[in-house]
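To start, the structure itself, in structure tokens.
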Amino acid sequence: MEILDEEPKKSLPIDFYERVYAVVRQIPYGYVTSYGAIAEVLGHPGAARTVGFALNQVHGRMNDIPAHRVVNRNGVLTGKNHFETPTRMQELLADEGVNVCDDVVQDFDRLFWHPRRLGRPD
DNA sequence: CCCATGACCACAA
DNA sequence: ATTGTGGCCATGG
């Protein structure tokens, strides 16, 4: 039948950002996750770039949002240049016991926290 | 409205 | 394995 696809696409853009922040806040101390995983759990599996864009606007809230715990799918600190200093992200991770070598999180598979798993990993 | 950019990701060659 | 290309969603000129 001729259905009218009047789906309300004009959703609130801020919703997406706030959800990103909400997920990032859930990342446990000493663990990391990826942009794609966040986008996927939010229902937009292809919006990984938008997640990064959202985190780029965080500047003021970095105190509440551990953006340094978000890396790309390969465990690379792709966003390190957007911190106060290029080494800031690595330092913050190292302070949590996350070892970073050559801009790559070591033991990435073990330290990866999937947003779907609320509460504690493992 | 069209175009360009971006802290990404998946896939093809 | 490395490189290139397209897609994804939101923002700014």
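Reminder, nothing fancy here: chain letters follow the sequence lines and each chain counts from 1.
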Problem set entry | Nucleotide nearest A:Ala47 (side chain, heavy atoms from C-beta), chosen from B:dC9, C:dC9, C:dG7 | C:dC9
Exercise. Rounded to the nearest Å, what distance is computed from the OH atom of residue A:Tyr35 to the C1' atom of nucleotide B:dA10?
Worked result: 18 Å
Problem set entry | Carboxylate-amine/guanidinium contact A:Arg61 A:Glu18, below 4.0 Å | yes
Problem set entry | Phosphate contact (B:dA10 OP1 or OP2) by A:Arg73 side-chain N/O below 4.0 Å | yes
Seminar exercise, completed: Between NE2 of A:His44 and C1' of B:dC9 the distance, given in whole Å, is 16 Å
For this session: For nucleotides B:dA7 and C:dG13, find the distance between their C1' atoms and express it as a whole number of Å.
Result: 22 Å
Problem set entry | A:Asn72 side chain, from C-beta outward: closest of C:dC9, B:dA7, B:dC9 | B:dC9
Problem set entry | Separation of atom CG in A:Asn74 from atom P in C:dT3, rounded to whole Å | 13 Å
For this session: Verify the ring-centre separation between A:His68 and A:Phe83: is it less than 6.0 angstrom?
Result: no
Exercise. Should A:Val98 and A:Val76 be regarded as members of a common hydrophobic cluster, given that ILVMFWY residues are connected when their side-chain heavy atoms come within less than 4.5 Å of each other, either directly or indirectly?
Worked result: no
For this session: Select base, sugar-phosphate, or nothing to describe what A:Asn56 touches, counting heavy atoms under 4.0 Å on all strands.
Result: base
Exercise. Can you check the A:Leu42 CG to C:dC8 C1' distance for me, whole Å?
Worked result: 14 Å
For this session: Identify whether any heavy atom of A:Ala67 sits under 4.0 Å from a base atom; if not, whether one sits that close to sugar-phosphate; answer base, sugar-phosphate or nothing.
Result: base
Exercise. To the nearest Å, how far apart are A:His82 NE2 and B:dC8 C1'?
Worked result: 12 Å
For this session: In whole angstrom, give the distance that lies between atom CD1 of A:Ile38 and atom P of C:dC8.
Result: 20 Å
Exercise. C:dC9 C1' sits how many Å from A:Arg19 CZ, rounded?
Worked result: 14 Å
Problem set entry | Rounded distance in Å - CZ (A:Phe16) to P (C:dC8) | 14 Å
For this session: Report yes or no: does A:Thr33 contribute a side-chain atom to a donor-acceptor pair with the main-chain N or O of A:Trp113 at less than 3.5 Å?
Result: yes
Problem set entry | Test item: A:Asn72 side-chain N/O and A:Gly75 main-chain N/O as donor-acceptor pair under 3.5 Å | yes
Exercise. Counting side-chain heavy atoms from C-beta on, which of B:dC9, B:dA7, C:dT11 comes nearest to A:Phe53?
Worked result: C:dT11
Problem set entry | B:dC8 OP1/OP2 closer than 4.0 Å to side-chain N/O of A:Thr50 | no
